Amino acid sequence: MAYTGGIILFALGILISVALHEAGHMWSARAFGMKVTRFFIGFGPTLFAFRRKETEYGLKAIPAGAFVSIVGMTPLDEVDPADEDKVFWKRPVWKRTIVLAAGSITHFILGVVLLWITAVFVGLPNPERAAYDANKEPAVLGAVNECVPATPDSYSCDVAKGDPRSPASAAGLEPGDRITAFNNVSTPTYGELVAMVRKSPAGAVPLTYVRDGQTETTTITVIRRNLDISTTDEPNVQQVGFLGVSPKGSDAPLTVTYGPIDGVGQAADYTGQIFAGTFTAIANFPEKIPKLWDALMGQERDPETPVSVVGASRIGGEVVERGIWPIFFLLLANLNFFIGVFNLFPLLPLDGGHIAIAWFEKVRSWWAAKRGKPDPGRVDYTKLLPITYAVVLIFGGITLLTVATDIINPITLTTR
């Protein structure tokens with residue numbers, strides 16, 4: 001139930017983001033005196049609609065996006081003579097640029113707001129925990145398990161229910177102890193301690209540790225147990241030596257919340273990171289397409305391949321099911337930044353394509369005037385239609401490929 005609810009909630013978040021994108025176009029167009037005739041959420045048959053002043057608002061049956069209609073988007077559009085002074089394409093280029101970019105700007109604002117909400121109310125990943133590296137940090141204990149978990153993939157147990165005491169608990173180890181030698185071999189890092197313990201046979205082993213500045217020596221009885229040591233979604237259960245300890249650093253909270261002011265700084269830092277990651281992902285996008293096709297044909301899905309709205313919603317459902325709300329909000333923020341950046345690409349029919357044409361016309365007119373030649377006027381959109389159709393077909397094909405792969409071979413966070 002939580003999984004399905006998470007999918008619906010994430011899809012709703014995307015729909016609201018897209019609707020606000022179109023609202024950004026509408027609000028900025030009105031601010032510059034342009035006429036907005038329609039603002040609808042969804043496509044297909046109209047469920048309900050109402051008119052306020054000169055704009056019709058409504059909801060359609062297919063919640064796959066939203067749209068806004070502004071009078072005279074191109075010189076090809078038919079315009080009522082009464083609306084000649086409210087036409088989009090007759091406005092100065094800077095005003096048209098703001099209106100066209102307003103959708104992406106709205107996505108960027110939404111992304112920052114989502115990051116701030118995450119920082120202040122939900123929690124961002126704890127930098128202390130993220131910075132912890134068991135292969136570099138000393139073998140200082142953060143926690144000592146009281147008992148031995150019954151199943152390979154479990155970390156919880158209860159002595160009162162019959163679970164045996166862990167070797168570390170039985171030996172009297174405590175959080176804060178720094179283990180310096182295991183079986184008379186130095187353990188300068190926690191990673192080296194883990195490697196030695198896992199290879200160790202069952203039985204008594206000498207252990208040296210430092211507590212409150214004093215070096216102590218004890219004997220610890222290693223046990224062998226089945227343990228899931230996988231680092232991916234696929235289980236990897238092996239029988240290994242076991243003490244029942246975890247490192248200091250891993251005991252730090254997974255997430256940290258910040259105050260309203262500090263949250264602004266955190267949102268700004270994450271915004272920079274996400275922008276950098278977005279441009280990197282877009283640059284690497286072409287090489288991911290063959291991997292998508294391979295995944296559709298049944299090969300293992302590369303987790304770095306792109307996901308569609310379907311795939312992102314499924315991941316949203318998984319994180320809600322597991323209660324990992326920070327990932328939910330961070331994923332939604334990432335998606336807003338990606339859509340905002342992608343929409344500014346100078347390709348028709350994207351907003352960035354219309355912006356590029358507007359400034360091309362401006363520069364061309366300026367250059368003609370500098371040479372004493374007549375203004376060449378507006379770009380003939382009919383000549384650009386083949387390019388527009390080609391872009392639509394290419395991106396449409398990639399979208400269908402991604403959606404199909406997300407349905408047949410989705411990226412998952414857990415084995416369901």
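Just the heavy atoms: all of them, side chains too, but no hydrogens, waters or symmetry mates, feed the values below. Here the structure is a predicted model, which means the values were calculated and not measured.
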Are the side chains of W325 and V319 in contact, using a 4.5 Å heavy-atom criterion? no

First locate atom CG of L47, then atom CD1 of I41, and finally report the distance between them rounded to the nearest 0.5 Å. 11.0 Å

Taking the six-membered ring for Trp and the single ring otherwise, decide whether the centroids of F40 and Y57 are under 6.0 Å apart. no

For F32, does the six-membered ring have the charged nitrogen or CZ of R91 within the cation-pi criterion, i.e. under 6.0 angstrom from the centroid and within 45° of the normal? no

With D83, which residues qualify under salt bridge (Lys or Arg N to Asp or Glu O under 4.0 Å), at least two apart? K35

Given side chains that start at C-beta, do those of I411 and V307 come closer than 4.5 Å, heavy atoms only? yes

Grab the two heavy atoms, one from G176 and one from V140, that are nearest each other, plus how far apart they are. O-CG1, 3.8 Å

In sequence, state the C-alpha distance, the side-chain angles, and the governing distance for E361 and R378, and then conclude on side-chain contact (heavy atoms from CB on, under 4.5 Å). CA-CA 6 Å; E361 291 174 342; R378 302 288 179 177; 3.1 Å; yes

Aromatic rings F275 and F279: how do their planes relate, parallel, tilted or perpendicular, breaks at 30° and 60°? parallel

Got a salt bridge between E54 and K86, using NZ or NE/NH1/NH2 to carboxylate O under 4.0 Å? yes

Heavy-atom side-chain proximity of M34 to V71 below 4.5 angstrom: no

With side chains defined as the heavy atoms from C-beta onward, is the minimum distance between L350 and F342 less than 4.5 Å? yes

Is the shortest side-chain heavy-atom distance between L401 and L296 below 4.5 Å? yes

Would you call T189 and L193 a side-chain contact if the rule is heavy atoms closer than 4.5 Å? no

First locate atom CD1 of I327, then atom OG1 of T255, and finally report the distance between them rounded to the nearest 0.5 Å. 10.0 Å

Answer yes or no: are there more than 12 heavy-atom neighbours, outside K362 itself, under 6.0 Å from its atom NZ? no

What heavy-atom pair brings V185 and M196 nearest, and what distance separates the two atoms? CG1-CE, 3.4 Å

Can you name the closest pair of heavy atoms from A368 and P376 and give their distance? CB-CD, 3.8 Å

Run the side-chain donor-acceptor check on residues 7-20: report pairs under 3.5 Å with partners two or more places apart or on a different chain.
from, atom 1, to, atom 2, distance (Å)
S17, OG, G13, O, 2.9
S17, OG, N336, OD1, 3.3
S17, OG, N336, ND2, 3.2

Where T187 and A139 come nearest, the two heavy atoms and their spacing: O-CB, 4.2 Å

All salt bridge (Lys or Arg N to Asp or Glu O under 4.0 Å) counterparts of R165, not counting sequence neighbours: none

Presence of salt bridge, D212 and R178, under 4.0 angstrom: no

Checking K60 against T46: is there a side-chain donor and acceptor pair closer than 3.5 Å? yes

Indicate whether any N or O donor in one side chain lies under 3.5 Å from an N or O acceptor in the other, for T55 and R51. no

Less than 4.0 Å between a side-chain N and a carboxylate O, is that true for E304 and K291? no

Would you mind reporting whether Y381 and H354 have side-chain heavy atoms less than 4.5 Å apart? yes

